[in-house]
There are 2 protein chains.
Amino acid sequence: MTIGEVSKKFNISKDTLRYYEKEGLINQVSKMNNRREYSEHDIENINFILCMRTAGMSIEILKKYIDLCMQGDGTAEERRNLLIEQREVICSKIKEMENAYNKLSYKIDFYYQTLLKKEKEIIKGE
Amino acid sequence: MTIGEVSKKFNISKDTLRYYEKEGLINQVSKMNNRREYSEHDIENINFILCMRTAGMSIEILKKYIDLCMQGDGTAEERRNLLIEQREVICSKIKEMENAYNKLSYKIDFYYQTLLKKEKEIIKGE
DNA sequence: GCTTGCGTTGGAGTGTACTCTAAGTGTTAA
DNA sequence: TTAACACTTAGAGTACACTCCAACGCAAGC
């Protein structure tokens, strides 16, 4: 897959893909005529990275994880611990967002009541 | 309440509080001897803003909402629509994060299996 | 009166994650 | 063969949300 195709597939810019490679999130993509050729493995990797990025995981943490992967089997436990830690971070973020969701719902409902009341008054006034 | 007290209460820096005020998220706090005195209303406001900020709402959107509040009752419907829209944004973010959570859980489990297998091999080898 | 502590200001600086630019290469289609 | 198009690079620029700095103000306690 070319960079253009990957860019379209995931709806991210080519610049971002090159940036991730430069930062070491994607291991050096093989090249044909000086152009990137993304393998199935690369695609899977990008998919994971994007999923974690949208969940708010930093590039630094992701890089650390990828680096551990590169270092081979010996780092399996460390990698596992890193993922458990990050899952916890995501978990508390979800809780914060649910809290915000509820606060918003409460306010939205309040506006609904207000608008309803106003409407009634208008009808009454006619 | 002084800026120092509010800063401690919410665990944010005084700079951030002044920054939010400058950006118009908190309406001009009254001053005694040129020092900010936060009212109960200010505190409630800050609480809401921080809740939305941790949920990822941008300062720009928050400012828009606060501006509408300032403009009075006439903007109630517009405010409500803004909140509904933002609730939707938060909702999809929660879904993305839950997706990431599940992906992580899957990987963590995979590492668990791997480590278990490795352990068995070590025992076998002894 | 002097130090300490808490505050003030405008404006500069920082970190993160892109995003854009300029100048160039290599393939394809008319 | 020339134009269009997709790609390459290094490096500069941008957006967002703070965060820090220097220089100063004011009140309390020693």
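A note on names: the letters A, B, ... follow the listed sequences, proteins ahead of strands, and every chain is numbered from 1.
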Using nucleotides 15-19 of chain D, report all nitrogen or oxygen pairs with the protein that are shorter than 3.5 Å.
unit_1  : atom_1 : unit_2   : atom_2 : d
dA17(D) : OP1    : Ile59(B) : N      : 3.4
dC18(D) : OP2    : Tyr20(B) : OH     : 2.7
dC18(D) : OP2    : Arg53(B) : NE     : 2.9
dC18(D) : OP2    : Arg53(B) : NH2    : 3.1

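Side chains of Asn27(A) and Met70(A) form a contact here, defined as non-hydrogen atoms less than 4.5 Å apart. Within the 4.5 Å cutoff, side-chain heavy atoms of Met52(A) are placed close to those of Lys103(B). A 4.5 Å side-chain heavy-atom check between Glu88(B) and Glu85(B) finds every atom pair outside the cut-off.
The nearest whole Å value for the distance from the CG atom in Asn34(B) to the P atom in dA23(D) is 19 Å. One interatomic measurement links the two molecules: NZ of Lys31(B) to P of dG25(D), which rounds to 15 Å at whole-angstrom precision. In this structure, the CD1 atom of Ile12(A) is 10 Å from the P atom of dT19(C), given to the nearest Å. Atom-to-atom, CD of Glu37(A) to P of dC7(D) comes out at 10 Å; the value is rounded to the nearest Å. Summarising the geometry, the separation between CE on Met1(B) and P on dC6(C) is reported as 15 Å, rounded to the nearest angstrom. For the pair Met32(A) CE and dT28(C) C1', the computed distance is 16 Å after rounding to whole Å. Counting to the nearest Å, the P atom of dC5(D) and the CD atom of Glu5(A) are 17 Å from each other. The NZ-P distance, from Lys8(B) to dG5(C), rounds to 12 Å in whole Å.
Taking the side chain of Arg35(A) as heavy atoms from C-beta on, and the options dT8(D), dA6(D), dG7(C), the nearest nucleotide is dA6(D).
Taking Tyr19(A) as the reference, nothing meets the ring-ring contact (aromatic ring centres under 6.0 Å, His included) condition, with sequence neighbours excluded.
Checked by distance alone, Arg36(A) brings no side-chain donor or acceptor within 3.5 Å of a matching partner on the base of dC7(D).
Look at Lys14(A) and you won't find any side-chain N or O under 4.0 angstrom from OP1 or OP2 of dA6(D).
Ring-plane geometry between Tyr111(A) and Tyr65(B) is classed as perpendicular, the angle between the planes exceeding 60 degrees on a 0 to 90 degree scale with a lower cut at 30.
Summarising the hydrophobic clusters (Ile, Leu, Val, Met, Phe, Trp, Tyr; side-chain heavy atoms under 4.5 Å, direct or chained), the residues clustered with Leu116(B) are Tyr112(B).
Of the two residues contacting DNA chain D, namely Asn33(B) and Arg18(B), the nearest-nucleotide position lying further toward the 5' end is that of Arg18(B).
Ion pair Arg18(A)/Asp15(A) flagged as a salt bridge, since at least one NZ, NE, NH1 or NH2 atom sits closer than 4.0 Å to an Asp/Glu carboxylate oxygen.
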